[in-house]
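Here the structure is laid out as structure tokens; the discussion comes afterwards.
Below, chain A is the first sequence line, B the second, and so on; all start at residue 1.
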Amino acid sequence: MSDNAGIKILICQGTGGISAGAKQVEAEFTRLIAEKGIVAQVGKRCDVVKTGCRGLCANDVLVDVITPELGRVTYDFVVPEDVAAILDQHIVNNEVIEKKKAKAYYNTFVDQQMRVVMTGCGQIDPERIDAFLEEDGFKAIEKCVKEMKPSEVIDEVKKSGLRGRGGGGFPTGMKWSFCAASPGNHKYLICNADEGDPGAFMDRSILEGDPYCVIEGMMIAAYAIGCDAGYVYVRAEYPLAIDRLQKALDTCYEKGYLGKNIQGWGFDFDMRIKKGAGAFVCGEETALMASIEGERGMPRPRPPFPAVKGLWGFPTNINNVETFANVRHIINKGADWYASLGTDTTKGTKIFAVTGKVKHTGLVEVPAGMSVRDVIYSVCGGIANNRKFKAVQAGGPSGGCIPAEVLDTPVDYDSLIKAGAMMGSGGLVVMDETTCMVDVARFFLTFTKMESCGKCVPCRIGLKAMLDILERITEGRGEMADIDTLLEMGATIKKASLCGLGQTAPNPILSTVKYFRHEYEAHIQDKRCPSNSCKELLLWQVVPEKCVKCGACLRACPSNAIKWEKGEVAELIKENCTKCKSCYDACRFMAIE
Amino acid sequence: MSNAPAEEIPAEEIDLTEANEVIDKYLKLPGNLMPVLQGIQDAYGYVPKPTIDLVAERLNVYPSQIYGVLTFYAQFHLKPRGRFIIRVCVGTACHVQGAERITETFFGRLGIGHAETTPDLRYTFEKVACLGACGMAPLAMVNDDTFGKMTVQKVDEIIETYNARPMK
């Protein structure tokens, strides 16, 4: 061992990292380290499967250099040419290269978060059970089995105030107690990892980054409720999550953390993965169970509730991935500690997937109750391209849009519902002035219409009828009476649908009409799309007064439809234009409409 | 996505050995219909008609029930698929960042629409709900390769790259 022992170089190899050239950077490090005879460990800071590491993939390639003298230093936008300098200056001479170091916003992004559920993600190696055991892995379940009665575990979870993270926000302890109270020795536990919400990926990141914490959470729930068998229902679109989880399950069986008489504690629990097959409605409890049973994923009317009669007729408890991931921390650190985080009605932290037109997209975990404004502006750096904030869509297809006026809404279950959105699984899609709200409503409705299972009429036919109206409006053929029809139908569908999909599907329309009625009216009365987004209503011309003659539109146009010379106002040639909107998006000055 | 129009099923002769192996693996498992169909699809790339009859016989379920499952879930395919599967994410984040022009450019360049395959079996095009990499929106995938921050220009680059790849 030389003096350099303990030096680690970690390179971000997420999807973003690799597309930014992380492989080349790693090769350069390995080559130069060998050449210079430095003893250092080159590893992956996060890899393809550990997405959501620290969420700042926009700044790839991120490289962490850890040395005993300087601690951990993060460099961003690293290219292979920088590698030699980092090795010489930082590692050999112990001097931080200030110019390459990640700027202040990186620390803001990391420091403003509060990591509870995601502590392990991006830190531990999800394929090594030892890494998890070093982080007090399986200590919580051991404590439950050895020191607590099942009812005490439920009481502890109740006391912590944990609410279901899948979106509904039902108190978890209460849910467990229902199933625990059902008679019978054979019960099922299901982890819902279907995560069909477009724009949300925290469940996937948890499963990929720290699968053992979900397994331990399920073991604790199984002990508390008295279940002996569990399923994790994962979308098939997440092959890496399935792969990681399967490896974790295999290791657990091998090491005696699953199966009969776990670790000699006298507690049995079996777990297996069930792959979904691509149907949004399967996120709904009863549809999910039908899918596990091998049928079409159609919801059933309730009651009977799953806690009484669920999977194959046995009492069943279903929770979301993030919910289970919280449990071990509650047991380890105590319900009081957990209850001290967050707000009165929403305890703990919540992971949000912040995407769309925001500077630093990614996964952020913040204490519940932080305002939407802080999440977007403080943590994620505000709106990209100097544009104006218009709305944030929370809760996916079941949620709604929050306009600038109510940006100070705290992110907790009840406040978001009051603002006309909902927590959902925690997707926050940020929209700027170029996003048309009518089009957003149409987008979500297209999705829910397509994903409706078709069992009940309000959802199957109602959503189709609403979508027809919205399409008419975005094509400039709407009538003023349409708005009222939409509101009326929305209310009816919410009341009359069988399951959560139909009951929430009109939300995007209702919230956009509530806050952005003027945009609907502009489409209908003026046949104009105020955000220049709806294709049929666009004029396709350059506004000379707004054009700053920068030529960005020319570089973006794939079909030679822009005429531009240096110092001249651009011109749009309609014959060549394919209306792809590339120029419009490239223009930072809203000079094309 | 789930309610795509019913696909025509071509009659054909295929080797059922792999399908039988898949069925053997899951025969005793409760709720085995989906894993069996998923296994068959993994083996053949789609679910060929003869395997449906085989599954019906060996698992003792009605073919209608199998078709019910196959047509309900977006993941199953009843027709052979292209060598390169192009998936364009049309999730919320991608939509907001302009996924529509990416899909339309692909439609124009390839001459096929959603869930269709080019006659030479080179490409299958699919719109997908969310690939879970919203930070890189708009996103496209070709088989296992991911292309983030897509533009219309990149569509042409991608097609050129994969046109040059061999079919096998």
Checklist entry - To the nearest 0.5 Å, what is the distance between CG (Leu70(B)) and CZ (Arg296(A))? => result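 That separation rounds to 10.0 Å.
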Next on the checklist: I need the Leu33(B) CG to Glu295(A) CD distance, nearest 0.5 Å.
Outcome noted: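 Answer for the CG-CD pair, Leu33(B) versus Glu295(A), is 9.0 Å.
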Checklist entry - In terms of heavy-atom pairs under 4.5 Å, which option from Gln41(B), Gln65(B), Gln97(B) contacts chain A the most? => result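 Winner by heavy-atom pair count: Gln97(B).
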Next on the checklist: Counting heavy-atom pairs closer than 4.5 Å to chain A, which one of Asn32(B), Leu37(B), Thr92(B) comes out on top?
Outcome noted: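 Ranked by heavy-atom pairs under 4.5 Å with chain A, first place is Thr92(B).
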Next on the checklist: Among Ala277(A), Ala236(A), Gly294(A), which residue has the highest count of heavy-atom pairs closer than 4.5 Å to chain B?
Outcome noted: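 Counting heavy-atom pairs under 4.5 Å, the top option is Ala277(A).
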Checklist entry - Can you tell which of Cys557(A), Cys282(A), Ser291(A), Cys436(A) has the highest number of heavy-atom pairs within less than 4.5 Å of chain B? => result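 Heavy-atom pairs under 4.5 Å are most numerous for Ser291(A).
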Which heavy-atom pair separates [X] from [Y] by the least distance, and what is that distance?
X	Y	answer
Lys274(A)	Pro35(B)	NZ-CD, 3.5 Å
Gly297(A)	Tyr73(B)	N-OH, 3.0 Å
Phe72(B)	Ala279(A)	CE2-CB, 3.9 Å
Val96(B)	Met431(A)	CG2-CE, 4.1 Å
Lys275(A)	Gln38(B)	O-NE2, 3.4 Å
His95(B)	Asp439(A)	NE2-OD2, 2.8 Å

Item to check | Part of Leu29(B) lying under 4.5 Å from any heavy atom of chain A | outcome: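 Looking at Leu29(B), just its side chain touches chain A.
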Next on the checklist: A quick test of your reading: do over 12 heavy atoms of other residues, nucleotides or ligands sit less than 6.0 Å from CZ of Arg272(A)?
Outcome noted: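 Incorrect, the count does not exceed 12.
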Next on the checklist: Does atom CG (Asn60(B)) have a neighbourhood of more than 12 heavy atoms from anything else shown, all under 6.0 Å?
Outcome noted: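 Open.
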Checklist entry - Which region of Phe280(A), side chain (C-beta onward) or backbone (N, CA, C, O), has a non-hydrogen atom less than 4.5 Å from a non-hydrogen atom of chain B, or is it both or neither? => result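 No part of it gets close to chain B.
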Item to check | Part of Val281(A) lying under 4.5 Å from any heavy atom of chain B | outcome: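 For Val281(A), the contact with chain B is made by the side chain alone.
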